[in-house]
Amino acid sequence: MHIDRIHTWDITYKEAMRLQSELSARIKLTRMKKIPKIVAGADIAYSKRLNLSFGVVALFEFPALEQINVYSAYQKTNMPYIPGLLSFREAPVLLSIFEQVEENIDLIMIDGQGIAHPRGLGLASHIGIFLETPTIGCAKSRLVGEHKDIDLIRGNKEPVNYKDKLCAYVVCTRDNVKPLYISPGHLIDFQGACEYVLKCSDGFRLPKPTRIADQLVAEYKKQIIGQINKVIYPP
DNA sequence: GCGACAG
DNA sequence: ATCTTGTCGC
Ligand SMILES: [Mg+2]
């Protein structure tokens, strides 16, 4: 798929933060007009020892949620994890994977925040801007914002406000299980984000696209590290 | 200065 | 997120 290389990634933290503020003005929280045909999930794994980042993008038919295809790549990790700057650590490898994708992806679910971010540009939003494709941030914990406790009943949701503005919903995707922080990334609204996450939640905490991407990236990492060890420590 | 803090 | 062995519970 096409990628808008809006900026490079070898920049200072200060410049990274400035870019986030600048790019957040481009985010559009629009309604998705058509029902998606292909939904993708994306996730990352790391090897601390080898300083590598592994990424997987898994494609699913919607609403059947049948797996269509899987893409992957890995590269050197060039940024430490800094809360608020996650996209500068994870986006480069993810974009290199999306570049290989032949299918037309209608919606991407990403492990991390969308606009629920100190400067309104979490990983999902940043990816959405580069790909000009609808994205949803599906985070397992809170980065910013305040909300009431929610009853842990599947389908329940509670608004998350940051600086007196709605930024996400806490969504229960399964009874009696810790809820998710769902925020639009780009080209989708709050209602659409919650709706598609729930429609992709098939009895587990994480919606199928990110859950399977998470499992596949763990396997991919294991496989690549096995190859590397074979080269480094020949029998 | 202190505490919070996606993955 | 990683590293790392076992353990508890559905
Ligand atoms: Mg992840």
Side-chain angles (χ1 to χ4, degrees), chain A residues 9 13 16-17 19-21 23-24 27 41-58 72-95 97 108-129 135-147 152 154 160-163 167-171 173-186 193 197 203-207 209-226 228-229:
Chain A
W9 300 98
Y13 302 154
M17 291 170 72
L19 267 171
Q20 290 177 328
S21 300
L23 295 183
S24 67
I27 296 296
D43 196 17
I44 297 284
Y46 302 98
S47 166
K48 212 168 172 179
R49 178 173 70 91
L50 300 175
N51 191 37
L52 294 175
S53 298
F54 305 84
V56 155
V57 171
S72 56
Y74 71 95
Q75 62 181 47
K76 180 166 169 275
T77 307
N78 290 308
M79 271 276 292
Y81 169 64
I82 299 168
L85 296 180
L86 179 66
S87 63
F88 292 86
R89 177 173 168 88
E90 297 201 345
V93 66
L94 287 182
L95 291 171
I97 298 168
I108 305 169
M109 313 214 318
I110 293 180
D111 183 17
Q113 311 288 349
I115 63 170
H117 178 278
R119 288 163 295 279
L121 199 91
L123 175 62
S125 295
H126 209 150
I127 295 284
I129 292 287
T135 56
I136 301 173
C138 304
K140 300 183 291 295
S141 62
R142 186 191 70 92
L143 177 60
V144 296
E146 305 168 340
H147 62 85
L152 298 180
R154 192 197 131 90
V160 181
N161 286 287
Y162 180 57
K163 295 179 174 174
C167 73
Y169 278 87
V170 186
V171 177
T173 51
R174 180 182 176 175
D175 289 356
N176 300 313
V177 161
K178 186 180 176 191
L180 262 29
Y181 289 78
I182 304 301
S183 57
H186 187 40
V197 164
F204 300 90
R205 181 184 179 219
L206 300 183
T210 53
R211 188 178 77 255
I212 301 299
D214 178 82
Q215 295 169 357
L216 291 175
V217 79
E219 290 177 24
Y220 176 63
K221 167 186 168 178
K222 197 172 161 185
Q223 179 217 315
I224 297 297
I225 288 185
I228 293 173
N229 283 334

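In what follows, chains carry the letters A, B, and so on, assigned in the order in which the sequence lines appear, proteins first and then strands, with residues in each chain numbered from 1. Basis for what follows: all heavy atoms, side chains included, without hydrogens, waters or symmetry-related copies.
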A/C138 to A/P207 - nearest heavy-atom pair and separation:
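Taking A/C138 first and A/P207 second, the nearest heavy atoms are SG-CG, 4.3 Å.
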
Heavy-atom pair of closest approach, residues A/D111 and A/L123:
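Shortest heavy-atom separation between A/D111 and A/L123 comes out as O-CD2, 4.0 Å.
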
Given the rule that a pair is Watson-Crick or G-U wobble with both distances under 3.5 Å, how would you write DNA chain B in dot-bracket, using | for pairs to a different strand?
.......

Length of the line joining [X]:[atom1] and [N]:[atom2], which is rounded to integer Å:
{"X": "A/H126", "N": "B/dA6", "atom1": "NE2", "atom2": "C1'", "value": "15 Å"}
{"X": "A/E146", "N": "B/dA4", "atom1": "CD", "atom2": "P", "value": "14 Å"}
{"X": "A/L206", "N": "B/dA6", "atom1": "CG", "atom2": "P", "value": "16 Å"}
{"X": "A/L52", "N": "C/dT2", "atom1": "CG", "atom2": "P", "value": "12 Å"}
{"X": "A/Y169", "N": "B/dA6", "atom1": "OH", "atom2": "P", "value": "23 Å"}
{"X": "A/Q113", "N": "C/dA1", "atom1": "CD", "atom2": "P", "value": "13 Å"}
{"X": "A/L143", "N": "B/dA4", "atom1": "CG", "atom2": "P", "value": "14 Å"}
{"X": "A/Y81", "N": "C/dT2", "atom1": "OH", "atom2": "P", "value": "13 Å"}

Heavy-atom side-chain contact between A/I224 and A/S72 under 4.5 Å:
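Side-chain contact under 4.5 Å: no.
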
Should A/Q20 and A/F88 count as side-chain neighbours, where that means a heavy-atom distance under 4.5 Å?
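Yes. Closest side-chain heavy atoms under 4.5 Å.
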
Mark yes or no for whether A/S24, through its side chain, and A/L121, through its backbone, hold a donor-acceptor pair below 3.5 Å.
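Judged by distance alone, no pair lies under 3.5 Å.
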
A/S183 side chain to A/A168 backbone, donor-acceptor under 3.5 Å
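No.
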
Remember a base hit wins even if backbone is also touched, and classify [X] as base, sugar-phosphate or nothing at under 4.0 Å, heavy atoms.
{"X": "A/I44", "answer": "nothing"}
{"X": "A/G137", "answer": "nothing"}
{"X": "A/A116", "answer": "nothing"}
{"X": "A/L85", "answer": "base"}

Under 3.5 Å, is there a donor-acceptor pair linking the side chains of A/E90 and A/Y81?
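Per modelled atom types, A/E90 and A/Y81 side chains form no pair under 3.5 Å.
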
Inter-residue atom distance A/L85.CG - A/R119.CZ, 0.5 Å rounding
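Those atoms lie 6.0 Å apart.
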
Could you grab the distance from atom CG of A/N51 to atom CD of A/Q75, nearest 0.5 Å is fine?
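So the gap between those two atoms works out to 10.5 Å.
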
Fill in the dot-bracket string of DNA chain C, one character per base: . for unpaired, | for a pair to another strand, ( ) or [ ] for pairs within the strand, taking Watson-Crick or G-U pairs under 3.5 Å.
..........

Any side-chain N or O of A/K140 under 4.0 Å from OP1/OP2 of B/dA6?
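So the side-chain polar atoms of A/K140 never come under 4.0 Å of the phosphate oxygens OP1 or OP2 of B/dA6.
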
Considering just the side-chain nitrogens and oxygens of A/S141, establish if one lies under 4.0 Å of OP1 or OP2 belonging to B/dG7.
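For B/dG7, OP1 or OP2 has a side-chain N or O of A/S141 closer than 4.0 Å.
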
Of the options A/K140, A/H147, A/R142, A/Q113, which is the one that meets A/Y181 in a side-chain hydrogen bond (donor to acceptor under 3.5 Å, both in side chains)?
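Passing option: A/H147.
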
Checking contacts here: which listed nucleotide (B/dA6, B/dG7, B/dC5) is nearest the side-chain heavy atoms of A/R89?
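The answer is B/dG7.
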
Aromatic rings A/W9 and A/H126: how do their planes relate, parallel, tilted or perpendicular, breaks at 30° and 60°?
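Plane angle between 30° and 60°, so tilted.
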
Between protein and nucleotides 3-10 of chain C, what N or O pairs are separated by less than 3.5 Å?
| from | atom 1 | to | atom 2 | distance (Å) |
| --- | --- | --- | --- | --- |
| C/dC3 | OP2 | A/K221 | NZ | 3.2 |

Is it true that atom CD of A/E146 has more than 12 heavy atoms of other residues, nucleotides or ligands lying nearer than 6.0 Å?
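Result for CD/A/E146: open.
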
